[in-house]
Amino acid sequence: MTYPAESGVHAPHAPLTQYYPDESQRRGWVRRMFDDTAADYDRVERFVGFGSGSWYRGMALKRAGLQAGMRVLDVGVGTGLVTRQIVPIVGAAELVTGVDPSPGMLGNARVPAGVRLVRGGAETLPFASDSFDFVTMGFALRHIADLSIAFRECCRVLRPGGRFCILEITQPESKMQAALLKGYLRGLVPWLARLTSRNTQTPVVWNYYYDTIAACAPPHEVLDTLRAAGFGAADRHVEKAIFSEYRADKPAR
């Protein structure tokens with residue numbers, strides 16, 4: 001589907017030219033990096049989640065309104081970290097679909113039997129309108145090429161009254177907390193990745209991970225973009241100063 005120009009954020013951050021030369025090269029670079037390092041992703045993510053990733057994701061989904069029996073789309077499913085928490089809540093793996101542009105990530109996904117995995121991007125979701133009760137995007141917002149179009153696509157595939165939940169890491173407001181986050185994600189995590197990973201590019205991915213956090217559009221712009229994309233009520237819940245949960249509703253007809 002082609003969308004007209006609208007207000008809101010498009011690219012989630014300016015080009016990071018230390019990794020790729022310009023915006024036109026970003027999508028391909030990101031996909032290649034995730035393809036190449038997918039086998040190491042879950043191992044390193046345990047450090048990033050401070051040991052509480054699974055518990056936190058489940059609680060955040062429940063706070064956003066995920067309930068038993070809902071049909072769910074996990075956008076940017078990756079290796080299935082969020083999907084593995086969705087299935088016990090909704091009660092059946094067959095209710096859950098994951099979509100991701102990276103063949104490497106999909107090939108390394110560990111999800112319960114019955115979950116449907118589909119290759120595709122957030123800006124062109126390969127699903128009919130009004131198909132899902134709940135759409136989630138777990139820590140993928142910073143890697144999307146155009147947030148305005150992606151959010152409109154997420155709104156399109158939701159049924160009227162459906163819920164959208166974005167989980168993301170954002171810069172804390174405190175300068176001290178921001179410095180600690182940088183030291184951890186830009187220093188310690190890449191060092192641990194070098195020690196534990198099979199692919200030499202894995203530390204680069206985690207350096208990039210922090211740099212996208214530092215450069216990402218601020219929360220108020222993300223909320224404005226959600227509203228401009230057609231969502232009604234949109235808010236942000238924050239845990240431990242860095243874990244942002246953006247929640248929004250598709251208006252009922």
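Quick note: numbers below take in every heavy atom, side chains included, and nothing from hydrogens, waters or symmetry partners. Small disclaimer: the values here were computed from a predicted structure and weren't measured.
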A.B. asks: I need the single residue from Q67, K62, M70 that forms a side-chain contact (heavy atoms from CB on, under 4.5 Å) with I89. Which is it?
C.D. replies: K62
A.B. asks: With rounding to the nearest 0.5 Å, note down the distance linking CG in L73 to SG in C154.
C.D. replies: 7.0 Å
A.B. asks: Taking all heavy atoms of G230 and all of P251, pick out the closest pair and write down the distance.
C.D. replies: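 Looking at all heavy atoms of both residues, the closest pair is O-CD, 3.2 Å.
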A.B. asks: If we check side chain to side chain donor-acceptor pair (under 3.5 Å) with S244, which of these qualifies: H237, R236, E239?
C.D. replies: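 Output: one option passes, namely R236.
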A.B. asks: Are any of the side-chain nitrogens in D35 or R32 under 4.0 Å away from the carboxylate oxygens of its partner?
C.D. replies: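 R32 and D35: not salt-bridged.
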A.B. asks: Ignoring hydrogens, what is the shortest heavy-atom contact between Q171 and I213? Give both atom names and the distance.
C.D. replies: CG-O, 3.7 Å
A.B. asks: If only side-chain N and O atoms count, and only distance matters, is there a donor-acceptor pair under 3.5 Å linking Y56 with E245?
C.D. replies: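 Y56 and E245 do have a side-chain donor-acceptor pair below 3.5 Å.
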A.B. asks: If the test is salt bridge (Lys or Arg N to Asp or Glu O under 4.0 Å), which one of R156, K250, R159 qualifies with D130?
C.D. replies: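 Only one option passes, and that is K250.
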A.B. asks: Is V135 reachable from V115 through a run of I, L, V, M, F, W or Y residues, each pair having side-chain heavy atoms under 4.5 Å apart?
C.D. replies: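 Looking at the clustering, V135 is in a separate group from V115.
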A.B. asks: Could you list the residues that satisfy ring pair (Phe, Tyr, Trp, His ring centres under 6.0 Å) with Y246, not counting sequence neighbours?
C.D. replies: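 Expected list: none.
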A.B. asks: I'd like to know if D133 and R71 make a salt bridge, using a cut-off of under 4.0 Å between side-chain N and carboxylate O.
C.D. replies: no
A.B. asks: Does R163 pair with D249 as a salt bridge, N-O distance under 4.0 Å?
C.D. replies: yes
A.B. asks: With a 4.5 Å cut-off on side-chain heavy-atom distances among I, L, V, M, F, W and Y, is there a chain of contacts connecting L106 to V75?
C.D. replies: no
A.B. asks: Is the backbone of P190 close enough, under 3.5 Å, to the side chain of N207 for a donor and an acceptor to pair up by distance?
C.D. replies: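 No, the answer is negative, given that no donor and acceptor are paired below the 3.5 Å cut-off.
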A.B. asks: On a heavy-atom basis, which atom in Y19 and which in Y208 lie closest, and how many Å separate them?
C.D. replies: OH-N, 3.3 Å
A.B. asks: Would you compute the distance between atom CG of D146 and atom OG1 of T124 and round it to the nearest 0.5 angstrom?
C.D. replies: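 Here the rounded value is 11.5 Å.
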A.B. asks: Any chance the side chains of T136 and D74 put a donor and an acceptor closer than 3.5 Å?
C.D. replies: no
A.B. asks: Work out which heavy atom in A140 is nearest to a heavy atom in G76; give both atom names and the distance.
C.D. replies: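 Result for this residue pair: CB-CA, 4.3 Å.
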A.B. asks: Hey, mind stepping through R27 and E123 against side-chain contact (heavy atoms from CB on, under 4.5 Å) and telling me if it holds?
C.D. replies: CA-CA 12 Å; R27 191 197 304 256; E123 296 93 339; 3.6 Å; yes
A.B. asks: Just by distance, do the side chain of N199 and the backbone of T37 share a donor-acceptor pair under 3.5 Å?
C.D. replies: no
A.B. asks: Less than 4.5 Å apart, side chain to side chain, heavy atoms only: is that true for Q25 and D22?
C.D. replies: yes
A.B. asks: Decide whether a cation-pi geometry holds between R142 and Y209; the criteria are a distance under 6.0 Å from NZ or CZ to the six-membered ring centre and an angle within 45° of the ring axis.
C.D. replies: yes
A.B. asks: Using modelled atom types and a 3.5 Å cut-off, is there a donor and acceptor pairing between side-chain atoms of Q85 and backbone atoms of L61?
C.D. replies: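 Pair absent, no side-chain N/O of Q85 close to backbone of L61.
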A.B. asks: Would you mind reporting whether T170 and C216 have side-chain heavy atoms less than 4.5 Å apart?
C.D. replies: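 In short, these two side chains do not touch, never coming nearer than 4.5 Å.
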A.B. asks: If the condition is ring pair (Phe, Tyr, Trp, His ring centres under 6.0 Å), which residues does F34 pass it with, not counting sequence neighbours?
C.D. replies: H143
A.B. asks: Please round to the nearest 0.5 Å and tell me the distance separating atom CZ of F127 and atom CZ of F132.
C.D. replies: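 Here the interatomic distance stands at 5.0 Å.
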A.B. asks: Going by ring pair (Phe, Tyr, Trp, His ring centres under 6.0 Å), name the residues that satisfy it together with F134, two or more places apart in sequence or in a different chain.
C.D. replies: none
A.B. asks: Determine whether a donor-acceptor pair (N or O, by modelled atom type, separation under 3.5 Å) exists between the side chain of Y20 and the backbone of L16.
C.D. replies: yes
A.B. asks: When clusters are formed by joining ILVMFWY residues with side-chain heavy atoms under 4.5 Å apart, either directly or through shared neighbours, do V72 and L81 land in the same one?
C.D. replies: no
A.B. asks: To the nearest 0.5 angstrom, please state how far the OG1 atom of T212 sits from the CG atom of L141.
C.D. replies: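 The CG atom of L141 is 9.5 Å from OG1 of T212, to the nearest 0.5 Å.
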A.B. asks: Between atom CG of L226 and atom CD of E221, what is the distance when rounded to the nearest 0.5 Å?
C.D. replies: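 Result: 12.5 Å between the selected atoms.
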A.B. asks: With ring centroids as reference points, do W191 and Y184 lie under 6.0 angstrom apart?
C.D. replies: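 For W191 and Y184, the ring centres are not under 6.0 Å apart.
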A.B. asks: Kindly work out whether a path of hydrophobic side-chain contacts (I/L/V/M/F/W/Y, heavy atoms less than 4.5 Å apart) joins I86 to L158.
C.D. replies: no
A.B. asks: Measuring only between side-chain heavy atoms, which start at C-beta, is F139 closer than 4.5 Å to I169?
C.D. replies: yes
A.B. asks: Would R247 and R63 count as a side-chain contact (heavy atoms from CB on, under 4.5 Å) here? Give the steps.
C.D. replies: CA-CA 9 Å; R247 293 89 58 96; R63 276 193 292 267; 4.0 Å; yes
A.B. asks: Kindly give the heavy-atom pair with the smallest separation between R119 and P126, and that separation in Å.
C.D. replies: O-CG, 4.4 Å
A.B. asks: State, to 0.1 Å, how close D211 and Q18 come at their nearest heavy-atom pair, and which atoms those are.
C.D. replies: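 Reported closest heavy-atom pair: OD2-NE2, 3.6 Å.
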A.B. asks: Is it the case that the side chain of E153 and the backbone of L125 share a donor-acceptor pair, with hydrogens and angles ignored and the cut-off at 3.5 Å?
C.D. replies: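 Side chain of E153 to backbone of L125, a donor-acceptor pair under 3.5 Å: yes, one is there.
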A.B. asks: Grouping I, L, V, M, F, W and Y whenever their side-chain heavy atoms are under 4.5 Å apart, do L167 and V77 come out in a common cluster?
C.D. replies: no
A.B. asks: Scan D42, D100, N108 and name whichever one has a side chain to side chain donor-acceptor pair (under 3.5 Å) with T79.
C.D. replies: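 Only one of D42, D100, N108 forms a side chain to side chain donor-acceptor pair (under 3.5 Å) with T79, namely D42.
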A.B. asks: Is it the case that the side chain of Q177 and the backbone of A241 share a donor-acceptor pair, with hydrogens and angles ignored and the cut-off at 3.5 Å?
C.D. replies: no
A.B. asks: How many angstroms lie between atom CZ of R31 and atom CG of D36, to the nearest 0.5 angstrom?
C.D. replies: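 Rounded to the nearest 0.5 Å, the CZ-CG separation comes to 11.0 Å.
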A.B. asks: Looking only at atom types and distance, does a side-chain atom of W206 sit under 3.5 Å from a main-chain N or O of A193, one as donor and one as acceptor?
C.D. replies: no
A.B. asks: Does any N or O in the side chain of R26 come within less than 3.5 Å of the main-chain N or O of P15, such that one atom is a donor and the other an acceptor?
C.D. replies: no
